[in-house]
Amino acid sequence: MGHVLKAVDESLRRDVAIKVVLSRPHQDMLQGEAIAMARIRHEKVVQIYAFGTHQDLPYFVMEYMDGGDLEEILERETVLQPVVALGLLEKMAAGLTAIHEQGVVHRDVKPGNVLIGKNYRVALTDFGLATAFAERDVVAGTPLYIAPEVIRHDSVPDELRFARDQYSLAVAAFEMLTGDAPFDAE
């Protein structure tokens, strides 16, 4: 939905990432995403530094993670050693716990939204779907990682709303340990 650019914060002399959305329908989502990310202060969640507009285009500035994302690692490695996968999963689960403690459902947990930084720091990012569809009964996300009950529009008790993220985490775990998706279907 947007572009993420690496930049330098000249005032503080540090690398940052800037997310910009060019398509009009998605621009309103960007501020909601920034607000959702800013509410969560946890080392396993990417931090937001600023939100603004430039030439009528909304953007936000967030911390830059220099190691790429888990999807890139899985493309290179295919299958991770169990000890590595479990270490990553523990860190991802800690980030999800922090997100859920703030009452936020991520709605798009997947390897591409798991950033890896120095010293194998893991941080979750991309909260665009967390706020955009929080109040609507809309199926959104990456199909492989969407829980079946969400796709079927099954009624889920409010206390189980975070289970959709846990399902997505389990799919990522399966993928890390086997190199395959847990199922192959349209």
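One is the number of the first residue; the rest follow in order along the sequence.
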Original post:
With hydrophobic residues grouped by side-chain heavy-atom distances under 4.5 Å, do L89 and V83 end up in a single group?
Top reply: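 Looking at the clustering, V83 is in the same group as L89.
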**OP:** Report yes or no: do Y145 and F174 belong to one cluster of Ile/Leu/Val/Met/Phe/Trp/Tyr joined by side chain heavy-atom distances under 4.5 Å?
**Re:**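 No, because Y145 and F174 fall into different hydrophobic clusters, even though each may have its own neighbours under 4.5 Å.
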In the structure I gave you, are the side-chain heavy atoms of [X] and [Y] within less than 4.5 Å of one another anywhere?
X	Y	value
L160	P157	yes
L88	M176	yes
Y49	V16	yes
L144	F183	yes
D180	E175	no
V4	M62	yes
V122	L115	no

Where do [X] and [Y] come nearest, in terms of heavy atoms and distance?
X	Y	answer
I146	Y167	O-CE2, 3.5 Å
L124	M92	CD1-O, 3.8 Å
F51	A34	CD1-CB, 3.9 Å
R107	D165	N-OD1, 3.0 Å
A123	M65	CB-CE, 3.8 Å
H106	I99	CD2-CD1, 4.2 Å

Quick one: [atom1] on [X] to [atom2] on [Y], what's the gap to the nearest 0.5 Å?
X	Y	atom1	atom2	result
T53	Y59	OG1	OH	7.0 Å
T97	I40	OG1	CD1	11.5 Å
S168	D108	OG	CG	7.5 Å
D9	Y64	CG	OH	15.0 Å
I116	D66	CD1	CG	10.5 Å
H3	L57	NE2	CG	10.0 Å

Original post:
With D154, which residues qualify under side-chain hydrogen bond (donor to acceptor under 3.5 Å, both in side chains), at least two apart?
Top reply: R152
Subject >> Identified salt bridge (Lys or Arg N to Asp or Glu O under 4.0 Å) counterpart of E63 within the set R14, K19, R121 >> reply: R121
Original post:
With distance as the sole test, does R161 use its side chain to make a donor-acceptor pair with the main-chain N or O of D158 at under 3.5 Å?
Top reply: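 At least one qualifying donor-acceptor pair exists.
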Show me the donor-acceptor pairs within less than 3.5 Å that the side chains of residues 70-78 make with the rest of the protein, sequence neighbours left out.
unit_1	atom_1	unit_2	atom_2	d
E72	OE1	D69	N	3.1

Original post:
Just wondering, are more than 12 heavy atoms of other shown residues or ligands nearer than 6.0 Å to CD in Q102?
Top reply: yes
Original post:
More than 12 foreign heavy atoms under 6.0 Å from CD of E10: is that the case here?
Top reply: no
Original post:
L96 pairs by side chain to side chain contact (heavy atoms under 4.5 Å, CB included) with which of V105, L169, V45, V104?
Top reply: L169
